[in-house]
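One structure is given here, and the rest of the page talks about it.
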Amino acid sequence: MLAALVGVSLSAAPGTGYYIPVRHTPEALTIQHDPDDLTSVERLDALPPETVIAALKPLLEDPDIPKTGHNIKYDMIVFANEGVELRGVGMDTMVASYLTDPSRMRHNLDEVSLHYLRHTTIPISALIGKGSRQVTFDEVPVDRACGYACEDADMSLRLEGVFRPLLRERGLEALHREIEIPLIHVLARMEMRGIALDPEVFARMSAGLADRLKSLEERIFAAADTQFNINSPKQLQEILFERIGLKPVRKTKTGLSTDVDVLEELAGKHPLPGLILEYRSLEKLRGTYVDALPKLVHPRTGRIHTSFNQAVAATGRLSSSNPNLQNIPVRTEDGRQIRGGFIAGGENLRLVSADYSQIELRVLAHLSGDPAMIAAFRADADIHRDTAARVFGVMPELVSPEMRRQAKAVNFGVVYGISDFGLSRNLGIPRHEAARFIADYFAQYPRVREWLDEVVVRAREEGYVTTLFGRRRYLPELGSRDANVRKGAERAAINTPVQGTAADIIKKAMVDLDPLLERAGARMLLQVHDELVVETEAGREEETAALMRGVMENVLEMSAPLRVDTGSGRNWSEIH
DNA sequence: GCATTCTGCAA
DNA sequence: TATTGCAGAATGC
């Protein structure tokens, strides 16, 4: 069925006017509108918003009238603020562009239209309301056309015509229809809900950090025997490597590196590097989180609202921005205190978190079919311990923490497209030892090595890699004559099916879970790649956790079964 | 003001 | 010379 409603574009700010260009279905609206005379758009602009909303609401909420748009999550939120629940989304051309070629730098309407519609012809009357000459896209007088909201709707509808066959050809229809499109609704609601912060936690931490930073600053200036801007790598270089005369470890593009690896190496030789490290870690927490997040609490909701971007990460993951709630600290004690500032938004509410255990390694085991790795997961073993036992040739009970740490680094490294150089740098061991580790690792997991080799060969032949759900990433750099570029693409060829399949899995879990959570009186708040955080009524934590575990573990049957850990509490730190 | 670089937080 | 992101501060144009 032809999309009945071609385009509706609301201005971003409520009350500033609504542009309602409608073509093909003038009979569907009570608003009188001649589709061949877009000067009437300007008259529509003068209509009271309530009139417009009242006319559009039944259409927008009708699931049987397919809607197409570009970045529909945005429109969905605008509509929701006007009391309209958008239903019947058939295609989001931003998402379609992303599925078609996720590596594109941007999937905004301008660039996607220029790329896919440059050679099409369009009736100029559709854009400026006069004449009927066919013109090429390049000829469209943008200064006139862009004033009309119909341009967005028109371009998006034309793009749908491009992407429908492309999605079909590339086997992406199911992913689009069954996962990405329904996910838009889920994400829109997550963004609108937001998550509550405890202002007192942040105020207390801010004061504490300010004191500690002040004291550190004094000690740093004493150790350096001068005052300088500690946050300036340029000034710090001069102090460390010229004034004090420490030996430079590594260069950056523009100077001498002062990053954490370098400073740790220098810490034995002078007091200053260690003080800088501590200062940096506290300054990071203060500047990026403790002082920044409370400012972003929305005055009306009292909560913090991120944006989940569905068309950024080349592997299929979501990303989060403004603020990024997918990189809230957790590894240090100070970091965990920040997490403790994310709270359930009421006395009678609790947070529940459910996270996939070792999802990427389980995906690797499944994709490669490696019997030893699969067996370890089926036995619900500690995978890093099991790996260490195999690689070091000892019984699992005899694996030391250091052995486990090293095995863990190799397990992670494999998923990233490991090299002996990279592993040696990560573990701080000689390169030949790293090479030995990797060889021993692959001797234990031979099918993993075979899979890694095959995936790169296939990627070179086909030009792309795919996830278990058919998500596709093109890797033209595999043919580069630049060895660095080529090697980088080979690592991406290895990592993308693993990271991307994990992304597919949790996305499907979100879509499946959303209506069930709603029925259980709970609501999804955050996704952090392998973790979902929801808010539920106090006393229903166990019910909610069981629901989440059940859905998440059964999204997909794998030879290495999916496992989910859950927890609950008043705040995000207490959960884990 | 805007873009780039360095740095460091997360999975 | 290990994957994917986002963001703050400094810096330079």
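Computed from heavy atoms alone, side chains included, the values below leave out hydrogens, waters and symmetry copies. Just so we're on the same page: letters track the sequence lines, and every chain starts at 1.
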inquiry  = Within the 4.0 Å heavy-atom criterion, would you say A:Arg473 contacts the bases, only the backbone, or no part of the nucleic acid?
reply    = sugar-phosphate
query = What does nucleotides 7-13 of chain C look like as a protein-contact string, B for base, S for sugar-phosphate only, - for none, at under 4.0 angstrom between heavy atoms?
reply = SSSSSS-
request  = Rounded off to whole Å, could you give me the CZ-to-P distance for the A:Phe308 and B:dA11 pair?
outcome  = 14 Å
ask   = Which residues within residues 237-263 of chain A lie with some heavy atom under 4.0 Å of an atom in DNA chain B?
value = A:Thr252, A:Lys253, A:Thr254, A:Ser257, A:Thr258, A:Asp259, A:Val260
request  = Look at the side chain of A:Gln499 and the base of C:dT3, then say whether one donor and one acceptor between them are separated by less than 3.5 Å.
outcome  = yes
key: Donor-acceptor contact below 3.5 Å, side chain A:Lys73 vs main chain A:Phe308   = yes
ask   = Salt bridge or not for A:Arg286 and A:Glu283, using N-O below 4.0 Å?
value = yes
request  = Return the value, rounded to whole Å, for the distance between atom CZ of A:Arg362 and atom P of B:dA11.
outcome  = 17 Å
note = Taken to the nearest whole Å, CG/A:Asp530 to P/C:dT4 is 17 Å
inquiry  = How close do A:Leu556 and A:Phe469 get, counting heavy atoms only, and between which atoms?
reply    = CD2-CE1, 3.9 Å
ask   = How many angstroms lie between CD1 in A:Ile505 and CD1 in A:Ile179, if you round to the nearest 0.5 Å?
value = 9.5 Å
C:dA2 OP1/OP2 closer than 4.0 Å to side-chain N/O of A:Ser419 = no
request  = Measure from CG on A:Leu526 to P on B:dA10 and round the result to the nearest Å.
outcome  = 15 Å
inquiry  = Are more than 12 heavy atoms, taken from residues, nucleotides or ligands other than A:Glu200, located less than 6.0 Å from that residue's CD atom?
reply    = no
inquiry  = If only side-chain N and O atoms count, and only distance matters, is there a donor-acceptor pair under 3.5 Å linking A:Arg486 with A:Ser480?
reply    = no
key: Note, A:Leu532 side chain near A:Ser353 side chain (heavy atom, < 4.5 Å)   = no
Atom pairs and distances, side-chain donor-acceptor, residues 559-569 of chain A, under 3.5 Å, sequence neighbours left out:
from	atom 1	to	atom 2	distance (Å)
A:Ser559	OG	A:His366	ND1	3.0
A:Arg563	NH1	A:Asp380	OD1	3.1
A:Arg563	NH2	A:Asp565	OD1	2.7
A:Thr566	OG1	A:Arg549	NH2	2.9

request  = Return the value, rounded to whole Å, for the distance between atom CD1 of A:Ile338 and atom C1' of B:dA10.
outcome  = 12 Å
inquiry  = Could you check whether A:Ser206 and A:Asp291, counting side-chain N and O atoms only, form a donor-acceptor pair closer than 3.5 Å?
reply    = yes
task = State whether a side-chain donor-acceptor pair under 3.5 Å links A:Gln499 with A:Thr315.
result = yes
ask   = NA contact type, A:Val528, heavy-atom cut-off 4.0 Å: base, sugar-phosphate, or nothing?
value = sugar-phosphate
query = Tell me: CD of A:Gln326 to P of B:dA10, nearest whole Å?
reply = 13 Å
task = Specify the separation, in whole Å, of atom CZ of A:Arg336 and atom P of B:dC9.
result = 13 Å
ask   = Base, sugar-phosphate alone, or nothing: which one does A:Arg280 contact when heavy atoms must sit under 4.0 Å apart?
value = sugar-phosphate
message = For A:Asn229, give me all partners under side-chain contact (heavy atoms from CB on, under 4.5 Å), at least two apart in sequence or on another chain.
response = A:Asn231, A:Ser232, A:Gln235
request  = For A:Ala314, answer base if it contacts any base atom (sugar-phosphate contacts may also be present), sugar-phosphate if it contacts only those atoms, and nothing otherwise; contact means non-hydrogen atoms under 4.0 Å.
outcome  = sugar-phosphate
request  = Select one nucleotide: of C:dC6, C:dT3, B:dA11, the one nearest the side-chain heavy atoms of A:Arg339.
outcome  = B:dA11
ask   = Are OP1 or OP2 of B:dA11 and a side-chain N or O of A:Arg317 less than 4.0 angstrom apart?
value = no
message = Between A:Tyr441 and A:Phe437 (judged by ring centroids, cut-off 6.0 Å), do the two rings come close enough to count as a pair?
response = no
inquiry  = I need the single residue from A:Glu531, A:Arg339, A:Arg336 that forms a side-chain hydrogen bond (donor to acceptor under 3.5 Å, both in side chains) with A:His576. Which is it?
reply    = A:Glu531
task = Identify, residue by residue, the members of residues 482-498 of chain A with a heavy atom below 4.0 Å from DNA chain B, and return them in order of residue number, or none.
result = none
ask   = Hey, can you pull the residues of residues 432-462 of chain A with a non-hydrogen atom under 4.0 angstrom from DNA chain B?
value = none
task = Can you establish whether the number of heavy atoms outside A:Arg458 located under 6.0 Å from its atom CZ is more than 12?
result = no
query = Near A:Glu217 CD, under 6.0 Å, is it more than 12 heavy atoms from other residues, nucleotides or ligands?
reply = yes
ask   = To the nearest Å, how far apart are A:Leu318 CG and C:dC6 C1'?
value = 14 Å
task = For nucleotides C:dA2 and B:dT4, find the distance between their C1' atoms and express it as a whole number of Å.
result = 24 Å
